[in-house]
Every structure is written in C-alpha cells, then in structure tokens.
Chemist: 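If you scroll down you'll find the structure; I have some questions about it.
Small disclaimer: the values here were computed from a predicted structure and weren't measured.
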Amino acid sequence: MNLKKISEFLLNFKKKYIYLVMFVLISTPLILKVTQETYETKEVKSIYQRVEEIYQHNKENPEDKLALFISVDFAPSTKAECDPMMNAMLRHAFLRDIPVLGWAGVPQGIDYGLERFNTIAKEYNKKYGEDYIYLGYAYPFLQAALAFGTDVRIFASTDYYGKDTYDNYPIMEKFNNYNQLGLFTSITGTSLAEGWIQYANGLFNQDVAAGVTAVNASRLYPFLQSGQLVGMMGGLKGAAEYEQMVERLEKKEIKKDIKNYLSGLYKNYEAPEENPRKYDTSYTKTELLKSVNSRKMARQGMAAQKIAHFYVIALIIIANIGYLLKKRYESRR
Amino acid sequence: MGLLAWTTIGVILTIAIFSFLIKDNPLYKFAEHLFVGVSVGYLLVVTFTQLFIPRVYQPTKNAFNSGDVFMSIWMIVGIIIGILFLTRLTEKHNWLSRYPISITVGFYSGFAIMPSLYTRVLRQLGATVSEDGVSMINFQKIGLFFKNPSWANLYEATYGPLIVIGVLTVLIYFFFSFKNTNPVIKYTRKPAMVYMMVGFGAAFGYTFMARISLYVDRMNFIINEWWPLVRVNLF
Amino acid sequence: MKRKYPMILTFIFGMIGLFLKASPILNEKFVDYLLLWTAAISSFAVIYSTFNVVKHHVLKIQRKHRDMMYSYVTFVGILLMGVTGFVGHYLPQSNWKLLYDNLYQFVRTPLDATMFSLLAFYISSAAYRAFRAREWQATMLLIAGFIVMLGRVATGPLMIFADITNWIMLVPTTAVMRAIMIGVGLGITSTSIKIILGIETSYLGGGK
Amino acid sequence: MRKYIILFLVSLLIFSVFAQETNTSDKKITPKAELVLQDRANDGGTGFTLTFKPQNKPEELKTYFLRIYKEVNGEEILIREMKVNNSGQTVRMPMSVQKANTNVIARAYYQKDGEVIEFKEKSLSTKGEWVDSARLSAFIAAILFISMIFIYVKKARSGEELFVRRIPGLGEINDAIGRATEMGKPVFYIPGTSTIRDVATLASLNILRSVGRKAAEYTTPMKVLIQRPLVLGVAQEVVQEAYMSAGRPDLYNEDDVYLAAAGQFAFASAAQGAMVREKPGAVFLLGMFWAESLLLAETANSVGAIQIAGTDATSQIPFFIAACDYTLIGEELYAASAYLSREPKLLGTLKAQDYFKGLLLIITILALFLDIVGVDIIVKYILS
C-alpha cells in the first residue's frame, strides 16, 4: 500500500505551490469583481438606522439640523479595511443631504482623509464649507475630544486649508458643538475609538459609532453591550454590510445607472471663477471607473478573504490527515 | 511623468516583490536593493530635517544667540560626544566610540527600570488581583451562577479565577533556578503549558484575517487604481 | 582605561535615568538636556551607518560579487531619495519636492505595503507546517488556532465558534499575555540593572 | 362692588409690574458658576486642570467667556480664551505652562447687552512634586531588587554552586552552530529590529557575544544583520570582543556586521534576499520584533536553516512558535546570557530575579486572599 507515498505527498507540499494556489484563489474574485453579499448584523444596522434617523430629523426640522462627524483615525496601512467604511458612510450622508464634518486623529490620515472627502463629495455635487468641511489634524487628542463640548472653533480655529473657521464657513456656524452632531464616528486601526467613547460619549453623552479593523473589533464588544457605542463596523465584514445597505439606498434614490448618473452630473456646468468646490467639476474616464469600482471594494475583499480562510483551513486538515496516515503507516511496520 | 507612468512603476515593484514567493530572481534583487537605498536615503532626510536641525542645531544656535553660556557648552560637549561615534570609521581610534555608546546605553537602561516595574509588573499583578475594585475571585458571581445557571453566569463566575490561575501558573513556569522536583514547579508545568499553547494558537489564528486584507489591498491597487488608468489611456 | 571610564559613564547616566523617572521635578528640569545629547549621538550614528551601507556595497563591487551590479541600484536609491528629500524640504514648491513625493508614494509605499502583504502567504505556509497534531502541546495549539480561525469567519450555525473564540481571547490569551508581560518586565529591570552596575559589560566590546 | 374692581385693577397693575419685572429680571440675573483650578498631581509643576460648571439655566444665560492668564515676572499674559455654550455640563480642560511654579489666573465673564463683565476669578501657582507618589512602590521595588542582586552576586562570587534549569532553546545554540559548520554554511544573527532604547536589544547583544565566541571556535562565518544605526556600533564592538576572547581576532571581519537596511520592511526584504542567496545553516532571531518576525522566520525555514528565535514582543511569540524550531518565550530571552556564559555574577543576578519574582507572587496571593475578605491595602499601595 503506498500509504507512505500518500502521507509523504500530503505532508510536504512545496512552499511555492502553496503560494501559487493562494495567489490564484485570492486574485480571481478580485479580478472578476465577484462580490460577496453578507448577512447584516445588528451592530452595523444600528449605525445605518441612526444616520437614517438624522435624515428624518433634518427633514422634519430644517432649522435645527443635525450633522455627521467622521474622525479619520487610520493610517494608509489599514486602508484595506477602513477605506470602504469611510466611503460608505460619506456616501450615505451625502445621499441624505446630511452635513458632514471631519478631521484626522493620526498624522498619516490627514491628507488621505481630505482626498477621500473631496472625491466622494464630487459624486454628490457637494460644496466645501457648506455641505462638508475637513478640519485637518486633531492634535492633541484630549483638547480635540473636549473641544466639541464647548465650541470646536476654539480648538480648530482654522480648517485644513488654513482659513479661519469663524467667518469663512457657514457649516461651522451651525455645527460646532456635540449637541448639533447626530452621530460621531471614529474610523480607526488604533485604540483611538476607545478614547472617543470615553470622552465624547462619557463626558458629553454624544452618540458614538466606531469603524475598526478586525483585530481591534473584539476589544470594543463590551462597549456595544453597555450601550456606550451606538454601533460598530468590524473589519472588512462590517464595511461590506454597510456598503451593501448604502448601495441599496443609492439604487432607490438615484434611479439611473451610477456610471451615466456620474458622467451626466457635470455635463453642462461652468464653475464660477472663485470655485468653492475643492475638486474640478468634470469626470475623466478613469475617475468614473474608480468611483464606480470603489462602491464594491469591501464585498470584493470579503469574497477573497473567505476563500483564503477556507483554503488555509483545508491546508491544515490535509496536513493532519497526512500526519495520521504516516502514524498509522509507522505503527503497522 | 504622468500618473500612469508612476503607477506603473508602483505595480512593477509590487510584482517584483511578489515574484520572490516563487523564486529569488533579478527583478526581486533590483526591487530589494532599490528598497534598501530608498530606506537609507529616507532615514538620512528624516534624521536631518526632524532630528538634527530642530533638536540639535536649533537649540545650539539659540543658546549662542541668547548668550546662555551653560547651554552652549552643554550642546558643544553633546555634539563632540556625537562625533566620537564617527571614530568607528577609523581602525585605531574606534574605542573612543564607547563613550557615546555607554552614555546612550546607560541612560536608556536606567530610564527603562521604573516604567517596566510600574506598568508591566506591579500594575499587571494588581490587575490580576482585582479589576477596578471588583475582586477577580468573586463569590457573589459564583453564587449567582448556582442560583440560575446560564452560559453568561458561568462565564462571569469562572473568568476571574481562570485568569488568576493562568497568570500564576505561567509565571511559575518561568522560574529558572529551582529544580523540577520542587512540587510547586512540578504541578504547575502542565497547566501552564496548556494555557500557553491555547493562548498562542488563538493569537495566531486571530491575526490571520488582518494579514489577508493586506494582500487584498495590494490587489485593489493593481486592479482598481492601475488597470483603469491603463484601460483608459491605452485603449 | 578603555573600559573603566565608559563603565563609570554608564553607571552615572544609568542612575540619572533611574532618578529622572522617579521624580517628576527632576524629570521636568533635566530630561530635555539628556534628550539633546541622545539626539546628537543618534544623528551621528545615522551618518556612520550610511557610511557602513555604502562601504558594504563598495566592498561587494570590489570583490566582484555576482550581485555587484545591484549595489549600484542601492547607491542610486540613496542619492535619489536623499537629494530630492533635502532639496524638497527647503524648496517645497520646486519639482524636487514633487519628485520626492512621487518617489515616496510610488516607490517606497508600494514596496512597504507589498512586503507587509507577503505575510498573507507566509502565514498560510506556517499554519500548514505548525498546526499538526504531533505531541499534545502542538495539538492544543492546533485546536485553539483552528477554532479561532473558524470563529473569525463563522456565519449562521458556525456562530458557536465565534463565541468560543471570544472566550479564548478574553480568558486564556489574556492570562498568558499578562504573565509573559510581567516576566518580561522583571527581565527588563534585571538586565538594565546588570548593565548599570557593570555586571554585564559585553556591550563595551573588546580590549582592556 | 367698585371696591372689588379697583382692588382687582390694582392687583392687575402690581401683577403686570411684577410680570414686567420678571421679564426684565434677567437683566439682574446673577451669573453663577463653579470655577476651579487644580494643580495636577505627580507632575513636574507645569500641569493644571480648569473645571468650569455653569450654574445658571441655559435659557437664563446662554454663553460664558473664560480667559486664562499666566504671570511672567509680574506681567499677565493671556494664554487661552474660550467661549463656553451653557449646556449645563461641566467643562474640564487640562492645560499646561512651560515653566514650573508659575502663577495662573482664570477669569469668567458673561455678556450683558454687548458688554463683557467679569464675575469670577481664581488663581493658582502650579507646583511639582519631588517624588512621584503613584510610582513610589515601583521605586522601592527597584531599590529592593538592586540590593537582592548585590546579595546574590556576592554569594555567587564566594563560590556557591547555583543551579539553572535547562532552557530548551538555549541548549540547542551550540549544536545549531556545530551543524551549520558541518554543512559548511554561514550563521546568521539578527539582534531584533528595535533601537538601543529597547532593553530586549541589549539582552540579545549579550547572547550575540556567546554565539560569536562559539562561531569563532568553530571558525564558521557569522553574519549579523542590523536595522538600527546605534545598534550597529554596539554589535560590532560585541562581535569583535567575542572573537578576541575566543582567541581568533584574525577571523573578525567588520563587514560581516552590517546595516542591511534602515526601514522595517526594507530590512525584511534585504534579510530575506541575503538568506536565500547565502543559505545560512543556522538563523538566530533574538530581540524585539514587529510584524516582520514571520517574514524572517518563514524565509529561514525555506532555506532549511535551524531557527532559534526569542522575543519579548507578546504579539510575535505565536508566529515564532509556529515557524521556528526553538523559541525563547519572553523572560527566557533575558535569562539567556546568564545561562550561556555561566558567569557567577550573572547566575547571581538570575537567582535574585527568581527570588524577587517569588516575593511578588507571595504578595499577590496574599493580596488575593485579603481582597476576598475585603481588605485591599496591598492592591492600593503596592500593586497599583
């Protein structure tokens, strides 16, 4: 019986073949843009509902609107998990005409956050300073966390572009205190989310939501159970859930296909000389492609991640079968 | 050079690094040596602009301008000691570099004693005894479990004692100068090993998912950032 | 003479470090002075290590090592990044700075991120090799790792694994990591004291 | 009847005056607020905390103004001005000044028809503490530990035999170098990727001395790959001394101890390349590592080298256990130099460390029992 040969084969796969198979398995779903719908958990749905509540509230009393705050607390190295979360939240807010304010909690996130804010704002024809604003680097953390307790303009006296926030931006007139923020979201790969829970929620009982990398997700579960967190997106899975909810909403709101909608957005639009927009009001082909692709990033990542997971679990099972065969072969000899 | 050219360079370097998985090859050697050069160049720039100028040159200039004699002397001595490190370039005088080494090694060793004792040893031992006021071995919780046994109550009742046993047995496992015949050592070796293996196996499996998403991000760079540029510009 | 004085210096600065951390007023007054010195020493150490890298590759070229031509690539890398970085710092609007930013964004970052992502492959081959039921310890490792891996991706009926994963991470893993941290804290303290008291002098090198 | 009407009118009049009074009374609303300045404990004397709790109802007084000054040789300099919306909540603002023992003044104002009037003032002179009371227990522990080390080193010097249990990973160092010599392959040593500030790096450099000496005896080429500039200088000294004390100063080639690269992943790629091209027989990964630990360990395994790893980075230990032949866990890295060199002084220190840990364990167990009974003096004063 060639038990020996089988066990030898099962136990000694060459590394390069393991890697080659892994490479092929993971890359195909990404190349073919296979998206993996995922079941929606309570903690992500509660964020979505909270943003919808803000939309209802703003519709009922247009005078006393609530805004959404996004704190970009992640560095490009955790982009894979955090980027789709921020895209989905920005899209949800802009789709529902909810004013968005943001800043960066980590230095590496400053420029990256701004580029994301402007790119997504471009998809919804939003004006900087009226519909959304980016306040640059929120440092030191403690002062930033307490700033919204009184008037954030004391702390963030200038925005990212260096202009005074007191008199240049109408959005800052209406939204500078925790009472005017419907939801405060920290998207991070670090433990900054716990800081926001302790200060924003702890001191000023501001509704706080968190979008964290998979590694940090379990650390925040106690805050979910205790109600200190409104909701939480954990890793690519959390991003995929929120992403698919926002895509459903977008299809309902924008009847047309996204690509035509975007290309038609700035068809006959001449920007005034002093262009308030921080982006050029025209869509190049590449930008169109990128915007459309970026709506499915998390779910594509999910498919690849699930396949990789089951591939490695299979590898482990095969190795142990080989080991058992080897043991039986040796015991029989 | 256009965005397409630069992104293509990024993609070529990405594939060069991935090619190492199959076999070491000239493309990987090129990328590796370029990466070494870029990292050393970057360190030079960061050290000069963010360490030497603001933390060495500027204070010295201010000390001289403001006529602060003590500070000027202190900075000059500091710079001379720093230069002593360069004596390593010579064969004969490289023992002079021991002075900057001893100062740095000595200072940082001394600097590490209090924090390591305070944060790593005493505070962690304290956390093993009681967590924010509630003792880890909590008889009310154990009583509660027996009143109405449920999974949640079982967890509440057992997690404190299990952590205490785990910490103590693993700590005892790392005694170095006691023989195995010592009963305390003998009977805690196996439970400590069980804790360690379960703990390490879980930690390994846990970070697995995060590593995969790193790779997903690289493929996104190629498929969603580079490929749209190519398709638009070339076809 | 070559070892005695440095050892005295180590002791003096070791005591300074210890007392600075113990007394906030001393720390407030004097820590900056010391950090100025360590900044100076580190700056010159960087210069020395750059010479070391250059010398290492020059030797490779002199010895006609088979990979010698790649050493030129390293020199180009150092010069390119170094020059554009320095000039770009002082002339932020110049296209030197633009070149530096491009080099950072399209050379350093992709290389960095791709090397990091190799872990996805290495972790799978390491798991394939390590998670085998050899002796009971390895079996323990396998079971725990397997449960957590399943727990992290579980859906529907497999959710039981997610709960077990949470329990394993909250109890055994916490206990082990805490015990090791305590042991390491003691190790750090004893090694630091050994160095300051001159019991451990290997870092001072050879000769009398 | 008329009387009642007049009475009614008069009361109406009074009432209206009074009513009129109430809506004018907000002019006389006395602004009330709690303004507290506290010096921050256990700091160098520069930190303080401002606490401001508005006591008027929000509709009475919407906003307050706070101005904080510091006194620099008699002159008041404004350091912070704040507009506080009265949301009924306490505003707590941690602040600091550059120099210790400065006099700080906080004044609260409220707005009354365009004019800003001060209604409260508090001052404080910040002071520091000579001894950090929170860290006192750690300081006493350090002194106790140092004295125990003196005792046991003296004992070890007086010739008392000190037992050290077998540490699996360390026993194999000599065979690993021996096997590498038989196969005619070099030995690679990586003393961690952290700076000299990390004591794990210093512990690893102590092990490098023993490994270097063994490599010199076996005349096996040894390459030491470094990522940090300062560690480079120290490692070269250590290896030179190891070759010297093994009696083979001629074998020492300074180029064998080199800076492979200056970034975390640049170092991993350079080390990976070097391992695959020079095919070392034994690879030592000892010291502080981050995510690149598995990159180094897995490549060393793919070239068939014997890997001995050791780190105090708790997050990287699982990867070394999975990928390497032998792994020193946490504390074993620090005990290695005593174990390998067998010098009485080092064994004495190891003994002192064990007894100190034993003492701490006893205190912890005692604290546990006392805590159950409800007495938590140990936890409060010693352990936190």
Chemist: Decide yes or no for C:I123 and B:F204: does some side-chain heavy atom of the first lie under 4.5 Å from some side-chain heavy atom of the second?
Modeler: yes
Chemist: Please flag which part of B:T8 lies under 4.5 Å from any non-hydrogen atom of chain C: side chain, backbone, both or neither.
Modeler: neither
Chemist: Heavy-atom cut-off 4.5 Å, strictly under: side chain, backbone, both or neither for B:A127 against chain C?
Modeler: both
Chemist: Counting only heavy atoms closer than 4.5 Å, note whether B:F176 contacts chain C via side chain, backbone, both or neither.
Modeler: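 B:F176 has no heavy atom closer than 4.5 Å to chain C.
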Chemist: Could you go step by step and tell me if B:F107 and C:I41 meet the side chain to side chain contact (heavy atoms under 4.5 Å, CB included) rule?
Modeler: CA-CA 12 Å; B:F107 176 68; C:I41 295 170; over 6 Å; no
Chemist: CD of C:Q137 to CE of B:M197: how many Å apart, nearest 0.5 Å?
Modeler: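 These two atoms lie 6.5 Å from each other.
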Chemist: Quick one, C:F13 and B:F111 - any side-chain contact, counting heavy atoms below 4.5 Å?
Modeler: no
Chemist: Tell me, for B:Y155 versus chain C, whether the close heavy atoms (under 4.5 Å) come from the side chain, the backbone, both or neither.
Modeler: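 When you check distances to chain C, only side chain atoms of B:Y155 fall under 4.5 Å.
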Chemist: With chain C as the partner, which of B:F200, B:F174, B:W151 has the greatest number of non-hydrogen pairs under 4.5 Å?
Modeler: B:F200
Chemist: Got a sec, which residues hit side-chain hydrogen bond (donor to acceptor under 3.5 Å, both in side chains) with C:S125, two or more places apart in sequence or on another chain?
Modeler: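 Testing C:S125 for side-chain hydrogen bond (donor to acceptor under 3.5 Å, both in side chains), a comparison that skips the adjacent residues, returns A:Y19, D:E298.
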Chemist: Is B:F20 close to chain C through its backbone or its side chain, or both, or neither, when contacts mean heavy atoms under 4.5 Å?
Modeler: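 Interface part for B:F20: side chain.
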Chemist: Select one option (side chain, backbone, both, neither) describing which atoms of B:Y173 are under 4.5 Å from chain C's heavy atoms.
Modeler: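 For B:Y173, neither part sits under 4.5 Å from chain C.
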Chemist: What do the steps show when you test C:F121 against B:R211 for side chain to side chain contact (heavy atoms under 4.5 Å, CB included), and what is the final call?
Modeler: CA-CA 9 Å; C:F121 297 92; B:R211 303 302 191 217; over 6 Å; no
Chemist: Yes or no on side chain to side chain contact (heavy atoms under 4.5 Å, CB included) for B:T87 and C:Y48, after CA distance, side-chain angles and deciding distance?
Modeler: CA-CA 9 Å; B:T87 57; C:Y48 169 70; over 6 Å; no
Chemist: With a 4.5 angstrom heavy-atom cut-off, could you sort out which part of B:R218 is near chain C: side chain, backbone, both or neither?
Modeler: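 It is the side chain, since no backbone atom gets that close.
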Chemist: Within the 4.5 Å heavy-atom criterion, are C:W167 and B:L162 side-chain neighbours or not?
Modeler: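 A side-chain contact exists here, since the closest heavy-atom pair is under 4.5 Å.
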Chemist: Quick one: what part of C:I168 sits under 4.5 Å from any heavy atom of chain B, side chain, backbone, both or neither?
Modeler: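 Only the side chain of C:I168 comes within 4.5 Å of chain B.
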Chemist: Take C:Y70 and B:L34 through the test side chain to side chain contact (heavy atoms under 4.5 Å, CB included) and record every step on the way to the result.
Modeler: CA-CA 8 Å; C:Y70 294 106; B:L34 178 65; over 6 Å; no
Chemist: Tell me, do B:Y108 and C:L34 make a side-chain contact under 4.5 Å, heavy atoms counted?
Modeler: no
Chemist: Heavy atoms under 4.5 Å from chain C: which residues of residues 43-54 of chain B carry them?
Modeler: B:L43, B:L44, B:V45, B:T47, B:F48, B:T49, B:L51, B:F52, B:I53
Chemist: So which part of C:D163 gets closer than 4.5 Å to some heavy atom of chain B, the side chain, the backbone, both or neither?
Modeler: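 When you check distances to chain B, no heavy atom of C:D163 falls under 4.5 Å.
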Chemist: Can you tell me how far apart OG (B:S39) and CE (C:M81) are? Round to the nearest 0.5 Å.
Modeler: 9.5 Å
Chemist: Under 4.5 Å between any side-chain heavy atoms of C:L118 and B:F18, yes or no?
Modeler: yes
Chemist: Using atom types as modelled and distance alone, determine if a side-chain donor or acceptor of C:T38 lies under 3.5 Å from a backbone N or O of B:T104.
Modeler: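 A pair under 3.5 Å: no.
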Chemist: Is there side-chain contact between B:P100 and C:W37, with heavy atoms separated by less than 4.5 Å?
Modeler: no
Chemist: Picking from B:F35, B:Y215, B:F30, which has the most non-hydrogen pairs under 4.5 angstrom with chain C?
Modeler: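 The option with the most such pairs is B:F35.
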Chemist: Taking only residues two or more places apart in sequence or in another chain, which ones pass salt bridge (charged side-chain N to carboxylate O under 4.0 Å, His left out) with C:K55?
Modeler: D:E254
Chemist: Who are the salt bridge (charged side-chain N to carboxylate O under 4.0 Å, His left out) partners of B:R120, not counting sequence neighbours?
Modeler: none
Chemist: Pick one of side chain, backbone, both or neither for B:P59, based on which atoms fall under 4.5 Å of a heavy atom in chain C.
Modeler: side chain
Chemist: Between B:I103 and chain C, with a heavy-atom cut-off of 4.5 Å, which part of the residue counts as in contact: side chain, backbone, both or neither?
Modeler: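 Answer is both: backbone and side chain atoms of B:I103 are under 4.5 Å from chain C.
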Chemist: Out of curiosity, C:N52 CG to B:R88 CZ, how far, rounded to the nearest 0.5 Å?
Modeler: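 It comes to 9.5 Å.
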Chemist: Quick check for you: to the nearest 0.5 Å, what is the distance between C:T191 atom OG1 and B:I113 atom CD1?
Modeler: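 Those atoms lie 10.0 Å apart.
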Chemist: Heavy-atom cut-off 4.5 Å, strictly under: side chain, backbone, both or neither for C:Y100 against chain B?
Modeler: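 The answer is the side chain of C:Y100.
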Chemist: Taking the six-membered ring for Trp, is the centroid-to-centroid distance between B:F85 and C:F44 below 6.0 Å?
Modeler: no
Chemist: Where on C:F146 is there a heavy atom nearer than 4.5 Å to chain B: the side chain, the backbone, both, or neither?
Modeler: neither
Chemist: Heavy atoms only, distances under 4.5 angstrom: which of B:K29, B:M75, B:M114 has the most pairs with chain C? Name it, please.
Modeler: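 Most heavy-atom pairs within the cutoff with chain C belong to B:K29.
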Chemist: So do B:V38 and C:L80 actually touch side chain to side chain, heavy atoms under 4.5 Å?
Modeler: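 No, too far: nothing below the 4.5 Å cut-off.
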Chemist: Under a 4.5 Å heavy-atom cutoff, which of B:I101, B:V105, B:V36, B:I212 has the most pairs with chain C?
Modeler: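 Most heavy-atom pairs under 4.5 Å with chain C: B:V105.
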Chemist: Which atoms of B:V40 are under 4.5 Å from chain C, going by heavy atoms: the side chain, the backbone, both sets, or neither?
Modeler: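 For B:V40, the side chain is the part near chain C, not the backbone.
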Chemist: Please state whether the side chain, the backbone, both or neither of C:M177 comes within less than 4.5 Å of a heavy atom of chain B.
Modeler: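 Side chain only.
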Chemist: Against chain C, label B:L171 side chain, backbone, both or neither, depending on which of its atoms sit under 4.5 Å from a heavy atom there.
Modeler: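 For B:L171, heavy atoms of backbone and side chain both lie under 4.5 Å from chain C.
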Chemist: Indicate yes or no: at least one non-hydrogen side-chain atom of B:Y118 is less than 4.5 angstrom from one of C:K21.
Modeler: no
Chemist: Between C:I12 and chain B, with a heavy-atom cut-off of 4.5 Å, which part of the residue counts as in contact: side chain, backbone, both or neither?
Modeler: neither
Chemist: Could you measure the distance from the CD1 atom of B:I9 to the CG atom of C:N102? Nearest 0.5 Å is fine.
Modeler: 8.5 Å
Chemist: Taking side chain as everything from C-beta outward and backbone as N, CA, C, O, which of these in B:P115 sits under 4.5 Å from a heavy atom of chain C? Side chain, backbone, both or neither.
Modeler: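 For B:P115, side-chain heavy atoms alone lie under 4.5 Å from chain C.
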Chemist: For C:A130, which atoms come within 4.5 Å of any heavy atom of chain B: side chain, backbone, both, or neither?
Modeler: neither
Chemist: Any idea which of B:Y195, B:Y42, B:Y159 has the most non-hydrogen atom pairs under 4.5 angstrom with chain C?
Modeler: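 Of B:Y195, B:Y42, B:Y159, B:Y42 has the most heavy-atom pairs under 4.5 Å with chain C.
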Chemist: Exactly one of C:I195, C:T189, C:L18 should register a side chain to side chain contact (heavy atoms under 4.5 Å, CB included) with B:S109. Which one does?
Modeler: C:I195
Chemist: Name the option with the most non-hydrogen atom pairs under 4.5 Å to chain C; the candidates are B:M193, B:M196, B:M71.
Modeler: B:M193
Chemist: If I take atom OG1 from residue C:T114 and atom CG from residue B:L13, how far apart are they, to the nearest 0.5 angstrom?
Modeler: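 Result: 8.0 Å between the selected atoms.
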Chemist: Side chain, backbone, both or neither: which part of C:F75 has an atom under 4.5 Å from a heavy atom of chain B?
Modeler: neither
Chemist: Taking B:W74 for its side chain and C:Y33 for its backbone only, find out whether a donor-acceptor pair lies under 3.5 Å.
Modeler: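 A pair under 3.5 Å: yes.
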Chemist: Please look at C:V53 and chain B and tell me whether the side chain, the backbone, both or neither of the residue comes under 4.5 angstrom of a heavy atom of that chain.
Modeler: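 It is the side chain, since no backbone atom gets that close.
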Chemist: For C:V31, is it the side chain, the backbone, both, or neither that has a heavy atom closer than 4.5 Å to a heavy atom of chain B?
Modeler: side chain
Chemist: Is it the backbone or the side chain of C:F51 that comes under 4.5 Å from a heavy atom of chain B, or both, or neither?
Modeler: side chain
